[in-house]
Amino acid sequence: MFTAPEKISAAPPIGHFINGQRALDAGSTQPVYNPATGRVVRQVVLAEPDTVRDAIAAAEQAFPGWRNTTPISRARVMFRFKELIEKHAETIASLITEEHGKVLDDARGELQRGIENIEYACGAPELLKGEHSRNVGRGIDSWSEYQPLGVVAGITPSNFPAMVPLWMYPLALICGNTFILKPSERDPSSALFIGELLSEAGLPNGVFNLVNGDKQAVETLLTDRRVQAVSFVGSTAVAEKVYRTGTAHGKRVQALGSAKNHAVVMPDADLENAVNALLGAAYGSCGERCMAISVAVAVGHETADALAASLVERIGELTVGDGSDASNQIGPLITNEHRDRVKGYVDLGVEEGAKLIVDGRAQLQDEAGFFLGPCLFDHVKQHMRVYKEEIFGPVLSIVRVDRLEDAIDLIDTHDFGNGTCIFTRDGEAARYFSDHVQIGMVGINVPLPVPVAYFSFGGWKRSLFGDLHIYGPDAVRFYTRSKVITQRWPSGGVREKAKFSFPGSD
Ligand code: NAD
């Protein structure tokens, strides 16, 4: 799967997939890097507005036919789709690692969590069942049903190039919609590879389309009146803009954004378990996860001292390097610019007075890849930018508080509200925490509480704009409009007289 450098210039750029066919346009190209080597592996075309409009037209044309298919036939496409992805899983995982940098096992894990959304979508006939009531009035029956919206679009981030698209379109498609995916231009290959498998699985042309592109393509999707709804996942700066523009253009929008996830470590926690969990949750995928733990809130100074000492020791054992080498646990960051940005935050934390007790800034700096070693700050304070802002890199901050209530206040005051967790042996404290904390996804001795496919995923506060969470049951609501039908068939030739009072139900 890894492309030899001399073949890159000859290889055609990554293009689009419209109406069941690959398409290239005259849009500008942008390099796609292997972050572990720092080399360009291919180019991606950034769609021109007319290309995006072609994809919308193909989806619009395919909608009436697809809307009228049966839910069970849509589910059968999903069954075949899942099998095809599983058949090609190693190729897809290699593409993820090659373009994103995360280690191969992590890429496999991401794909597996994506597949689970397809498995959920295979329940289409059950998921789309409405409710029925006989005799809501005399001789009158009522039922509800979920109707598709039409053409819907998904815009996805670079950090989960395979999984996040699969949070969206399997559900949108089984609801009877047609779809346009705009993946991240930084690592576009796995989404295109997976999307093309839908045709082989039997999906009619035009039902699923993919355009590669940047903010111009996003703008076209957000303003075209034919697009009924948009799912967005990315940074809060973009999510908020996408939500405002999309809703101003009459669309239904869900826009998931950035995060700063806190792990509370109580004095009674199993420290070894908490440290193991924190290492994976803070430094896995080089910290480029929206559910990464970036703040450890230690309750009590003794807890903080023990936690800091144990983390320092264990961080020293972590291996950083090319994600395609199975001996490495942490890969590079996605781009050189992002590596510089994260490094800049570490410099800033030092200036702000936080204590840098593990400094990974010098690690692998002679390599051409975009590496940064794990960093650990202690004595981080609430007013510091390294605490307030999302860093999205291998940087964990320890904040010291005296009581659980102080930890909850700290978390609740933060702008973001994606995930949080608590490490404790005290059931009462855990229940109090999960009851009161103002966060969308909570773990109890579980560091990354990413809901399984049959629950829905979403943060609170500035981590999500919109009303419904993504995937799971909320997705069926997001991608459909509910309709209630009330029906009477006059029987025995009896006709009602005109009534001028509001109808009751006796
Ligand atoms: P990003 O916001 O840079 O890009 C996301 C998408 O938006 C991409 O498809 C990109 O092409 C597009 N985009 C970028 N700038 C745009 C602009 N100005 N106008 C319109 N579209 C634009 O995010 P990223 O760096 O690819 O991903 C990392 C971010 O995503 C982090 O902030 C992370 O927390 C967040 N994220 C959130 C979740 C979640 O579920 N809440 C999941 C994954 C990632």
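All ligand and atom numbering here is 1-based and tracks the order in the structure. Below, all heavy atoms of this structure are taken into account, side chains as well, without hydrogens, waters or symmetry copies.
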Given Gly234, Ser463, Pro157, Gly154, identify the one with the heavy atom nearest to atom 35 (C) of ligand 1.
Gly234
Closest non-hydrogen contact found for His262 with Thr420 is O-OG1, 2.7 Å
Could a heavy atom of Arg289 be found less than 4.0 Å from some atom of ligand 1?
no
Of the protein's non-hydrogen atoms, which lies at the shortest distance from atom 44 (C) of ligand 1, and what is that distance?
Asn159 OD1, 3.2 Å
Numbered in order shown, the ligand 1 atoms found under 4.0 Å of a heavy atom of Glu185 are 10 (C), 11 (O)
Who's the nearest protein heavy-atom neighbour of atom 7 (O) of ligand 1, and how far?
Phe232 CE1, 3.3 Å
Pair Tyr471 and Tyr120, ring centroids less than 6.0 Å apart
no
Could you go through Lys215 and Glu219, starting from their C-alpha distance and side-chain angles, then the distance that decides it, and tell me whether this counts as salt bridge (Lys or Arg N to Asp or Glu O under 4.0 Å)?
CA-CA 6 Å; Lys215 60 182 181 188; Glu219 192 70 20; over 6 Å; no
Give me each pair satisfying side-chain hydrogen bond (donor to acceptor under 3.5 Å, both in side chains) with a member in residues 434-463, each pair once, sequence neighbours excluded.
Glu240-Arg462
For atom 38 (C) of ligand 1, which of Cys290, Gly458, Gly440 has the closest heavy atom?
Cys290
Sub-4.0 Å atoms of ligand 1 with respect to non-hydrogen atoms of Ile155:
6 (C), 7 (O), 9 (O)
Could you check whether His414 and Tyr387 have their ring centres less than 6.0 Å apart?
yes
Any non-hydrogen protein atom below 4.0 Å of atom 4 (O) of ligand 1?
no
